[in-house]
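Comments concern the structure below.
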Amino acid sequence: MAKDKKRTAKPSKRSAPARRLAAQQMYRCEATVAAGLEDIAQDELRRRLGPDARLQALARDQVEPGVVRFDYTSDLRLLLQLQTVIAVFLVRQFAVPRPRALLGDEHFRALLQQIATACDLLPGATYQTLYLGAAGSDTAVMARLKQELSSHTGLAVAPDEGDLLIRVRRTADGTGWETLVRLSPRPLATRPWRVCNMEGALNATVARAMALLTQPKPNDCFLNLACGSGTLLIERLACGPARRAIGCDTGIEALACAQTNLIASGYGGLGELHAWDARALPLPAQSVDALCADLPFGNLVGSHAENLELYPALLAEAARVACPDALFVLITHEVRLMEALLNQSAEWVTVEVRRVTLGGLHPRIFVLRRH
Ligand SMILES: C[S@@+](CC[C@H](N)C(=O)[O-])C[C@H]1O[C@@H](n2cnc3c(N)ncnc32)[C@H](O)[C@@H]1O
């Protein structure tokens with residue numbers, strides 16, 4: 001299908017590289033991210049896409065947390081490889097007062113072209129259904145838009161979640177409307193390796209950000225305490241090699257789930273899984289370089305009463321096995337308990353605390369360094 005042409009090159013007296021850039025397709029993009037991790041997503045965009053991505057600065061108090069905007073001038077397929085973003089959208093703005101105008105011939109053709117640009121990135125049969133995400137998506141105009149899009153694309157309208165997600169919303173300055181088309185049929189956070197899902201499993205993009213916060217190095221002995229279905233362990237291995245990568249959990253079902261996922265990830269031969277209690281690890285003192293944990297925090301796994309006993313014991317045992325300067329990156333919703341324990345800790349220094357938004361909750365990621 002035809003490419004989405006947003007800006008065209010004008011003949012000018014610009015230098016050759018500037019002319020090349022001007023002649024390139026410029027895509028306006030928006031990535032959704034777990035709120036609180038925007039800077040980590042921006043780092044990944046810079047690392048993977050280099051100068052082809054022009055990032056918009058993050059405001060200090062982002063009006064819209066969890067959003068990273070950028071202009072992009074290269075192969076859109078590269079955006080499907082991003083690991084710390086939940087989804088990437090192609091954005092198109094229309095200087096129209098009402099969404100009804102999107103049904104007009106010129107704008108509707110532009111919207112179809114935007115959709116074609118997204119659909120053409122993946123094999124033909126990938127998209128079967130479409131759905132519209134918009135405030136007032138059940139209004140007559142939105143219903144008509146859905147039907148028109150369906151009949152022109154051949155995609156069936158999905159009542160709820162579908163393959164092709166199209167969002168329609170007012171532009172931030174309120175002067176027009178914009179359409180956002182997701183570049184993948186599922187969020188990028190849905191990893192192909194997750195063949196065994198466990199209640200309470202960590203969002204993989206958050207796990208990737210946490211693994212990156214351990215500053216991974218090839219010679220690391222990495223330990224994922226209370227590993228559950230293996231999300232942090234697998235995302236750490238996906239960051240690069242480690243001397244050892246260990247996951248441990250007391251739940252036999254969780255370990256079986258982690259094993260299945262580890263094999264599906266292709267890192268089966270690189271990760272170890274053990275039925276160890278995180279409060280009493282059969283590891284020598286000062287033998288671990290980096291640690292991660294998604295601790296039980298009371299809603300789905302464990303209880304507050306159990307955490308009162310588990311957290312101090314786990315922090316003490318982690319401190320015993322950690323090498324000097326080792327980083328321990330953990331996530332929990334038990335913020336007061338964790339802060340109280342860390343205030344008293346002679347072993348762990350708090351480097352950073354991040355408030356993230358996940359499924360309507362606001363857990364914190366604590367980055368700790370061993371004294
Ligand atoms: C929030 S879940 C971890 C989920 C995991 N991050 C995932 O993505 O699947 C917490 C895990 O802590 C484990 N756990 C609880 N107490 C433990 C202990 N004393 N030692 C090791 N694991 C423990 C539970 O079995 C559970 O799998």
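In listed order, ligands and their atoms are each counted from 1. Note that the numbering runs from 1 along the sequence shown for the chain.
For ligand 1, the atoms closer than 4.0 angstrom to any heavy atom of M198 are 9 (O), 27 (O). The contact set between ligand 1 and G200, taken as ligand atoms under 4.0 Å from a residue heavy atom, comprises 4 (C). Of all the atoms in ligand 1, the ones that sit under 4.0 Å from a non-hydrogen atom of D294 are 1 (C), 2 (S), 3 (C), 4 (C), 5 (C), 6 (N), 10 (C). The S229 neighbourhood of ligand 1 comprises atoms 7 (C), 8 (O), 9 (O), with distances under 4.0 Å to a heavy atom of that residue. Listed by number with element, the atoms of ligand 1 under 4.0 Å from a non-hydrogen atom of G228 are 5 (C), 9 (O), 27 (O). Each of the following atoms of ligand 1 lies closer than 4.0 Å to a heavy atom of T231: 7 (C), 8 (O), 9 (O).
Under 4.0 Å from ligand 1, not a single heavy atom of L314 appears.
Below 30°, between 30° and 60°, or above 60°: for Y72 and F70 the angle between ring planes is above 60°, a perpendicular geometry.
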Chi angles and distances behind the side chain to side chain donor-acceptor pair (under 3.5 Å) call for Q83, R191: CA-CA 9 Å; Q83 300 292 311; R191 300 291 206 248; 3.3 Å; yes

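Among T117, T73, V88, the one residue that satisfies the side chain to side chain contact (heavy atoms under 4.5 Å, CB included) test with Y27 is T117.
Heavy atoms of W276 approach ligand 1 to within less than 4.0 angstrom. Residue L232 places no heavy atom under 4.0 Å from ligand 1. Residue contacts with ligand 1 include C227, since one of its heavy atoms falls under 4.0 Å from the ligand.
Residue R194 has no nitrogen or oxygen atom sitting less than 3.5 Å from a nitrogen or oxygen atom of ligand 1, judged on distance alone. At under 3.5 Å, not a single nitrogen or oxygen of A254, backbone or side chain, sits near a nitrogen or oxygen of ligand 1. Polar contact with ligand 1: absent for C248 (N/O pair, distance under 3.5 Å).
Atom 18 (C) of ligand 1 has its nearest heavy-atom neighbour, among I331, I234, T250, in T250.
Checking side-chain atoms of R243 against main-chain N and O of N219 turns up a donor-acceptor pair under 3.5 Å. In this structure a side-chain-to-backbone donor-acceptor pair under 3.5 Å is present from N307 to P296.
The pair R92-E178 does not count as a salt bridge, with every side-chain nitrogen at least 4.0 angstrom from each carboxylate oxygen. The residues D105 and R109 are annotated as salt-bridged, a charged nitrogen and a carboxylate oxygen being separated by less than 4.0 angstrom.
Between C227 and C248, the SG-SG separation does not fall below 2.5 Å.
Between F108 and H152, the ring center distance clears the sub-6.0 Å criterion.
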